[in-house]
Amino acid sequence: MVIVGMGCARRPMNVRAPIQLPALALPILVIPGLLLLLISPVKPLFVDRYFLYSSIGFALLLGAGIDRFHKRQPSSRTSWVAALAVLAALLPPTLYLRMPQSRHDDVIAIGNAVRHAGRPGDGLLYLPGRHRVWTGANPEDTRLLTDLALVQDPTSSNTLAGVELPVQDIPARILKFDRIVAVRDPEGAHSDTNSQEEAKTRTLKRYFRECGASRVTGARITVYVRKVSRGRSTPCGG
């Protein structure tokens, strides 16, 4: 997109305006993605929605290029073929963006998996806590579960994922439950690491055993049960 946009910007546009189109459109097209690429080796931030609006710059330059070509050859079939070719080239990605496969996660499927894995009274744990937004689409999916690490919900805290308990309080909160549904990244994915997440993982590993997992687009839903509870092992069924 940048190469095509720069090619269009190199052609004179002969338009009187306070600011020339290339001076406006090229920075919109180039700068957002470039900045994210430069920052990503330090902190991974390259997410498509963060620079999706840069396509505005591409559309402006491409539209101006097609318009200029058409004015030079108004009766030429070539101009119409070129315009149709551009539209045809854009059609597949346009359709793809509107399909579930274009998403790296499927929040509807994640919510359904949590609802089917959980039982009334189970604990709910997000690993990491920012994944709480995955089940926000339908609160009914988690209504019967207890969010173990949450101390202040997203609405009252004015945050996307809420505020979690201090690290020293997390293990005791987890150990009040015999059965926990964990919402976590898929295997092999990069997960956030901090003292709170380490406390969750350490407590689960020490006192719980995995009792089944389901995988949906972009997430893994794992059920954990206590290894020993009141002198007996907790069965997977509850």
Side-chain angles (χ1 to χ4, degrees), residues 1-110 128-134 136-137 154-155 157-162 185-186 188-194 216-219:
M1 290 174 62
V2 171
I3 293 172
V4 174
M6 292 181 68
C8 292
R10 292 181 61 185
R11 305 287 183 176
M13 296 188 178
N14 300 323
V15 176
R16 293 183 180 181
I19 181 172
Q20 290 296 307
L21 182 60
L24 172 67
L26 273 178
I28 296 175
L29 173 60
V30 176
I31 291 177
L34 179 61
L35 288 177
L36 287 173
L37 284 172
L38 292 175
I39 294 171
S40 288
V42 179
K43 183 175 178 61
L45 288 176
F46 195 86
V47 181
D48 52 4
R49 64 178 179 271
Y50 292 167
F51 64 95
L52 184 61
Y53 64 89
S54 65
S55 60
I56 295 172
F58 178 71
L60 289 170
L61 292 167
L62 186 62
I66 292 174
D67 179 67
R68 182 175 60 251
F69 185 84
H70 179 65
K71 286 180 178 179
R72 289 184 176 181
Q73 303 182 48
S75 60
S76 174
R77 291 183 179 180
T78 306
S79 61
W80 292 106
V81 171
L84 290 174
V86 169
L87 293 175
L90 294 175
L91 185 60
T94 298
L95 295 176
Y96 174 74
L97 288 172
R98 285 157 176 78
M99 298 177 66
Q101 292 80 2
S102 68
R103 298 287 303 171
H104 66 275
D105 53 40
D106 184 345
V107 295
I108 302 300
I110 293 170
R130 62 183 174 84
H131 290 335
R132 193 169 282 107
V133 299
W134 280 349
T155 301
S157 63
N158 196 30
T159 61
L160 287 175
D185 287 309
H190 170 79
S191 296
D192 296 342
T193 302
N194 55 40
V216 293
T217 303

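Counting from 1, the numbers follow the sequence of the chain as shown.
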What closest approach, in Å, do [X] and [Y] show between heavy atoms, and which atom pair accounts for it?
| X | Y | answer |
| --- | --- | --- |
| Val107 | Ala137 | CG2-CB, 4.3 Å |
| Pro154 | Ala161 | CG-C, 3.8 Å |
| Pro22 | Leu61 | CA-CD2, 4.2 Å |
| Gly162 | Ser157 | CA-OG, 3.6 Å |
| Gly57 | Ile28 | N-CG2, 3.8 Å |
| Leu62 | Cys8 | CA-SG, 4.1 Å |

### Task
Inspect the surroundings of CG in Leu160 and state if more than 12 heavy atoms from other residues, nucleotides or ligands are less than 6.0 Å away.
no
### Task
Verify the neighbour count for atom CD1 of Ile19: are there more than 12 heavy atoms of other residues, nucleotides or ligands below 6.0 Å?
yes
Say you draw a straight line from [atom1] of [X] to [atom2] of [Y]; how long is it, rounded to the nearest 0.5 Å?
| X | Y | atom1 | atom2 | answer |
| --- | --- | --- | --- | --- |
| Leu29 | Leu34 | CG | CG | 11.0 Å |
| Ser54 | Leu35 | OG | CG | 11.0 Å |
| Ile31 | Leu38 | CD1 | CG | 11.0 Å |

### Message
Could you tell me if the side chain of Tyr53 sits less than 4.5 Å from the side chain of Pro32, heavy atoms only?
### Response
yes
### Identified side-chain contact (heavy atoms from CB on, under 4.5 Å) partner of Trp134 from the options Asp106, Ile110, Val216
Ile110
### Summary
Hits for ring-ring contact (aromatic ring centres under 6.0 Å, His included) against Phe46, two or more places apart or cross-chain, chain-then-number order -> Phe51
### Task
List for me each residue that meets salt bridge (charged side-chain N to carboxylate O under 4.0 Å, His left out) alongside Asp185, sequence neighbours excluded, and say none if there are none.
none
### Task
Could you list the residues that satisfy side chain to side chain contact (heavy atoms under 4.5 Å, CB included) with Leu45, not counting sequence neighbours?
Leu36, Ile39, Lys43
### Query
Is the backbone N or O of Met6 less than 3.5 Å from a side-chain atom of Arg10, with the two atoms forming a donor-acceptor pair by type?
no
